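Have a look at the structure below before the remarks.
Since the structure is predicted, the reported quantities are computational estimates derived from the model, not experimental observations. In the text below, chain A, chain B and the rest are named by the order of the sequence lines, each starting its count at 1.
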2 protein chains.
Amino acid sequence: MPGKGDECAREVLDVVPTVMRFIRTEMRSHRALELSVPQFRSLVIIERAEGTSLAGVAAHLGLTPPSACKLIDGLAGRGMVTRKESSGDRRRVTLEITAQGAQALASARKASQKSLSRLLGALDAEELSRVTRAMSALRRVFEGRS
Amino acid sequence: MPGKGDECAREVLDVVPTVMRFIRTEMRSHRALELSVPQFRSLVIIERAEGTSLAGVAAHLGLTPPSACKLIDGLAGRGMVTRKESSGDRRRVTLEITAQGAQALASARKASQKSLSRLLGALDAEELSRVTRAMSALRRVFEGRS
DNA sequence: TATTGTTATACTCTATAACTATA
DNA sequence: TATAGTTATAGAGTATAACAATA
């Protein structure tokens with residue numbers, strides 16, 4: 001017998017990719033800065049946990065080390081992130097966001113939030129609050145797994 | 001002054017990619033059938049709207065025609081979808097899911113829903129209901145755009 | 001020997017531009 | 001001329017396998 005969890009799972013499986021596609025398109029549409037979603041998320045992590053390592057980014061995004069490495073290659077090549085050798089453990093790479101990276105991140109975040117916010121304006125206050133709280137619940141459930 | 005919509009947008013921007021990554025990983029982990037998320041979604045559309053065209057798939061997924069064409073190439077190459085010439089307009093391609101495609105779809109859907117459902121089991125009944133209803137609201141807002 | 005990161009390789013997703021066939 | 005689909009080309013995201021450097 002399918003329960004509430006199954007119904008919810010079906011909805012999540014159907015709707016999340018739809019929203020994701022909007023986010024991806026939106027992110028890509030800021031021609032000048034043009035951050036992909038994984039690039040955007042990497043910058044968020046590196047800014048929040050200044051001095052994190054490549055393994056840190058990989059873990060937060062649920063990527064394998066080679067994937068994270070290539071992702072950082074792209075950001076470093078565009079001057080948004082720097083790799084430094086860690087003092088203490090010379091195998092470890094310390095990642096830092098540059099001023100340019102921070103500016104691109106802020107700009108992309110602002111524009112994406114604005115677009116999302118405009119669409120979400122179609123919802124009434126109760127629905128908005130429900131969506132916000134639902135996101136919190138999902139974050140709790142999914143963060144860390146992948 | 002940032003309002004409820006902005007807060008909600010920030011949450012969506014943060015959480016949706018996280019959930020998406022879980023779905024993608026989950027989808028890929030069924031070694032035998034191995035459907036990507038876009039492939040899965042294509043099959044859903046083709047099964048639901050039997051006889052749809054390539055443009056139909058592109059529109060539903062928010063893809064350009066070449067992207068949809070290549071996506072269908074992959075599914076057709078694996079015997080999950082057939083292309084047929086449409087009667088009436090010979091430019092148009094009629095897409096149909098094969099028995100094998102339908103079986104792969106059912107199997108992938110079942111497995112993914114089960115994994116999602118298991119994780120969502122961490123939520124109580126009220127939260128589950130909130131998430132389900134939030135998904136409905138988001139579907140209403142995002143379906144069609146992209 | 002174990003860990004951190006990288007390189008090599010391969011595949012999918014996605015786009016834009018140019019083309020074909022049909023309408 | 002306009003439309004449906006395709007092919008050509010290119011770049012990002014992702015993975016596994018193999019390797020280098022350090023611990």
Side-chain angles (χ1 to χ4, degrees), chain A residues 17 20-31 33-43 51-78 80-95 146, chain B residues 17 20-31 33-43 46 51-78 80-95 108 146:
Chain A
M20 189 63 197
R21 183 165 305 277
F22 175 87
I23 292 175
R24 198 179 298 128
T25 301
E26 172 58 32
M27 206 70 93
R28 279 194 184 136
S29 72
H30 305 299
R31 286 273 159 235
L33 308 153
E34 183 114 20
L35 289 177
S36 69
V37 173
Q39 284 172 341
F40 174 83
R41 288 169 66 67
S42 296
L43 289 180
T52 190
S53 66
L54 193 140
V57 171
H60 271 286
L61 293 185
L63 296 174
T64 58
S67 297
C69 185
K70 241 181 110 177
L71 191 52
I72 298 302
D73 278 350
L75 289 171
R78 292 167 67 192
M80 297 190 177
V81 160
T82 57
R83 281 174 166 112
K84 290 198 325 189
E85 196 180 71
S86 300
S87 57
D89 187 339
R90 278 161 53 210
R91 291 171 304 183
R92 200 175 172 281
V93 161
T94 294
L95 300 173
S146 113
Chain B
M20 189 64 197
R21 183 166 304 276
F22 175 87
I23 293 175
R24 196 180 299 127
T25 302
E26 173 57 32
M27 207 69 95
R28 278 193 186 140
S29 71
H30 305 299
R31 286 272 160 235
L33 307 153
E34 183 116 17
L35 290 176
S36 71
V37 173
Q39 286 172 340
F40 175 83
R41 287 169 67 68
S42 296
L43 289 180
I46 295 169
T52 190
S53 66
L54 194 138
V57 171
H60 272 285
L61 294 185
L63 296 175
T64 59
S67 297
C69 184
K70 243 182 113 176
L71 191 52
I72 299 302
D73 278 350
L75 288 171
R78 292 167 69 191
M80 296 189 179
V81 161
T82 58
R83 282 173 164 112
K84 289 197 328 188
E85 197 179 70
S86 300
S87 57
D89 186 340
R90 278 163 50 212
R91 292 171 303 184
R92 199 175 173 283
V93 161
T94 294
L95 299 173
S146 122

Measure from the side chain of [X], starting at C-beta and using heavy atoms only, and say which of [options] lies closest.
X        : options                  : result
Ser53(A) : dT6(C), dG5(C), dA23(D)  : dG5(C)
Leu54(A) : dA23(C), dT6(C), dT7(D)  : dT6(C)
Asp89(A) : dT7(D), dT14(C), dT22(D) : dT22(D)
Ala55(A) : dA23(C), dG5(C), dT16(C) : dG5(C)

If the cut-off is 4.0 Å, is [X] near the phosphate of [N], judged by side-chain N/O to OP1 or OP2?
X        : N       : answer
Arg92(A) : dA21(D) : no
Arg90(B) : dT22(C) : yes
Arg91(B) : dA2(D)  : no
Ser67(B) : dC13(C) : no
Ser36(B) : dT12(C) : no
Arg24(A) : dT14(C) : yes

Rounded to the Å, how far apart are [X] [atom1] and [N] [atom2]?
X        : N       : atom1 : atom2 : answer
Gln39(B) : dC11(C) : CD    : C1'   : 11 Å
Arg28(A) : dG11(D) : CZ    : P     : 14 Å
Leu71(B) : dT14(C) : CG    : P     : 7 Å
Glu85(B) : dA4(D)  : CD    : C1'   : 12 Å
Arg21(A) : dC13(C) : CZ    : P     : 10 Å
Glu26(A) : dA15(C) : CD    : C1'   : 17 Å
Lys84(A) : dT4(C)  : NZ    : P     : 20 Å
Arg78(A) : dG11(D) : CZ    : P     : 13 Å

TODO: For Lys70(A) and for Asp73(A), locate the closest nucleotide of DNA chain C by heavy-atom distance; then report the residue assigned to the nucleotide nearer the 5' terminus.
DONE: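 First, find each residue's nearest nucleotide; the 5'-ward one identifies Asp73(A).
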
- [ ] Could you say whether Thr64(A) or Gly88(A) is positioned toward the 5' end of DNA chain D, judged by the nucleotide with the nearest heavy atom to each?
- [x]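 The residue whose closest nucleotide sits nearer the 5' end is Thr64(A).
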
TODO: Check every strand shown and say whether Pro65(B) touches a base, only sugar-phosphate, or nothing at a heavy-atom separation below 4.0 Å.
DONE: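 The answer is base, as Pro65(B) lies within the cut-off (heavy atoms under 4.0 Å) of a base atom.
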
Task: Verdict with supporting geometry, Leu35(A) and Met80(A), side chain to side chain contact (heavy atoms under 4.5 Å, CB included) - done: CA-CA 11 Å; Leu35(A) 289 177; Met80(A) 297 190 177; 3.8 Å; yes

Open item on the list: If I compare all heavy atoms of Arg83(A) with all of Ala76(A), which pair ends up nearest, and what's the gap?
Closed with: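 Looks like NH1-CB, 4.2 Å.
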
Open item on the list: Ignoring hydrogens, what is the shortest heavy-atom contact between Ser42(B) and Leu71(B)? Give both atom names and the distance.
Closed with: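 Closest heavy-atom pair between Ser42(B) and Leu71(B): OG-CD2, 3.1 Å.
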
Task: Derivation and outcome, side chain to side chain contact (heavy atoms under 4.5 Å, CB included), residues Gln39(A) and Arg78(A) - done: CA-CA 11 Å; Gln39(A) 284 172 341; Arg78(A) 292 167 67 192; 3.3 Å; yes

